[in-house]
Amino acid sequence: MQENTAAGTPEQKTGRSVLVTGGNRGIGLAIAQSFLANGDRVAITHRSGDVPPGMLGVKADVTDTAQIDAAFAEVEEAHGPVEVLIANAGITRDTLLLRMSESDFTDVVDTNLTGAFRVIKRASRGMIRLRKGRIVLISSVSGLYGAPGQINYSASKAGLVGIARSLTRELGSRGITCNVVAPGFINTDMTAALPAETQQNYLSSIPAGRFAESDEVANVVRWVASDEAAYISGAVIPVDGGLGMGH
Ligand code: NDP
């Protein structure tokens, strides 16, 4: 466990106990910072890098159930049961179907889909006891719109919609909501790795005519996890500048 008290006050028992997987960089970091600015007690899982100021950092790989268990125990000890879970950790391994190995497929599913299942299962125990909770799954426009070279990734991201809807039916009466936020093209390390031609192709099909920054996703995630959104569950909320419209 690494408690970073350089800024903010994670020891202070105000706000809600929030956990963001993969909160050390990119969209996850923006989400974590948004909850922190809201006055919540924010913990992030990370495998690499530093813990951002004001947050509790717990080392965990979402493909490893024992590491997730240990991470939750640390967060519960420091901040109390997780009331808001953001399943954000994700990877790509893009390639066309005929070149895609079975491990390209299963590794992506293991991280993006089974990884979400593992953290949701662990978090739901405390939420059921509390009779409240907010779960937000970070999917992608690729999940429902599809994308060449992303059979593995889009399958994993579409699967999150099934999780959110089934979980809503299982736990909706316990004050728990589960929603999907589906970003389009966001400027992060993940998209910076795409070839210039792929980036240009995306850009030409986005009605907004631009890519987005991570905080544009974070603002929506924070809102759907707020009291104001208590009657929204099992929804897929696009943050994609219109790219996937109608999907
Ligand atoms: P980044 O590649 O910038 O960050 C990915 C994050 O996930 C990192 O914190 C990384 O941790 C973490 N992570 C990856 N694998 C694991 C694992 N096995 N266990 C724990 N943590 C892991 O990606 P983005 O910020 O761009 O993406 C965040 C989420 O948003 C992903 O789910 C992605 O699919 C989704 N998304 C992104 C879009 C975009 O345009 N950027 C569009 C649509 C969806 P570490 O630093 O240790 O590697």
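Quick note: residue numbers are just sequence positions, from 1. Model, not experiment: these values are computed from the prediction. We count ligands from 1, going down the list as the structure has it; atoms in each ligand are counted the same way.
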Step by step, work out the side-chain contact (heavy atoms from CB on, under 4.5 Å) result for Ser214 and Thr188.
CA-CA 7 Å; Ser214 293; Thr188 67; 3.5 Å; yes
Element-labelled atoms of ligand 1 that are located less than 4.0 Å from some non-hydrogen atom of [X]:
X: Ser139; value: 35 (C), 36 (N), 43 (C), 44 (C)
X: Asp61; value: 17 (C), 18 (N), 19 (N), 20 (C)
X: Tyr153; value: 33 (C), 34 (O), 35 (C), 36 (N), 43 (C), 44 (C)
X: Gly22; value: 9 (O), 12 (C)
X: Ser48; value: 45 (P), 46 (O), 47 (O)
X: Phe185; value: 40 (O)
X: Ile91; value: 14 (C), 15 (N)

Among all protein heavy atoms, pick out the one at the shortest distance from [atom]; state its residue, atom name and that distance to 0.1 Å.
atom: atom 30 (O) of ligand 1; answer: Ile138 CG2, 3.4 Å
atom: atom 16 (C) of ligand 1; answer: Arg47 CZ, 3.4 Å
atom: atom 3 (O) of ligand 1; answer: Arg25 NH1, 3.4 Å
atom: atom 40 (O) of ligand 1; answer: Ile186 N, 2.7 Å
atom: atom 5 (C) of ligand 1; answer: Gly90 O, 3.7 Å
atom: atom 21 (N) of ligand 1; answer: Ala89 CB, 3.5 Å
atom: atom 26 (O) of ligand 1; answer: Thr188 OG1, 2.5 Å
atom: atom 9 (O) of ligand 1; answer: Asn24 OD1, 2.6 Å

Might you point out which heavy atoms bring Ala158 and Gly143 nearest each other, and give the distance in Å?
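Taking every non-hydrogen atom into account, CB-O, 3.3 Å.
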Does a side-chain N-to-carboxylate-O contact under 4.0 Å join Arg125 and Glu76?
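No, Arg125 and Glu76 are not salt-bridged.
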CG of Asn112 to OG1 of Thr92: how many Å apart, nearest 0.5 Å?
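It is 8.5 Å, given to the nearest 0.5 Å.
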Quick check: do [X] and [Y] have side-chain heavy atoms less than 4.5 Å from each other?
X: Thr63; Y: Arg118; result: yes
X: Phe72; Y: Val119; result: yes
X: His46; Y: Lys59; result: yes
X: Ser205; Y: Leu243; result: yes

Taking the non-hydrogen atoms of [X], is any one of them nearer than 4.0 angstrom to ligand 1?
X: Thr21; answer: no
X: Thr191; answer: yes
X: Ala60; answer: yes
X: Ala182; answer: no

Could you go through the side-chain contact (heavy atoms from CB on, under 4.5 Å) check for Val181 and Ile86 one step at a time?
CA-CA 10 Å; Val181 169; Ile86 315 299; over 6 Å; no
I'd like the name of whichever of Leu160, Asn88, Thr92, Asp110 reaches closest to atom 32 (O) of ligand 1 through any heavy atom.
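Result: the heavy atom closest to atom 32 (O) of ligand 1 is in Asn88.
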Heavy-atom neighbours of Phe211 CZ exceed 12 at 6.0 Å
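Yes - once you tally the heavy atoms of other residues, nucleotides and ligands closer than 6.0 Å, there are more than 12.
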Would you find a donor on one side and an acceptor on the other, under 3.5 Å apart, between the side chain of [X] and the backbone of [Y]?
X: Asn152; Y: Arg93; answer: yes
X: Thr177; Y: Arg134; answer: no
X: Ser156; Y: Leu113; answer: no
X: Asp215; Y: Ala30; answer: no

Would you check if there is a donor-acceptor pair between the side chains of Ser101 and Asp104 at a distance under 3.5 Å?
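Indeed, the side chains of Asp104 and Ser101 share at least one donor-acceptor pair under 3.5 Å.
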[X]-ligand 1 polar pair, N/O distance under 3.5 Å:
X: Lys157; result: yes
X: Gly26; result: no
X: Gly184; result: yes
X: Thr63; result: no

Part of Ile27 within contact of ligand 1 (heavy atoms, under 4.0 Å):
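Contact part for Ile27 vs ligand 1: both backbone and side chain.
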Does only the side chain of Val62 get under 4.0 Å from ligand 1, or the backbone, or both, or neither? Count heavy atoms.
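It is both parts that get close, each with some atom under 4.0 Å.
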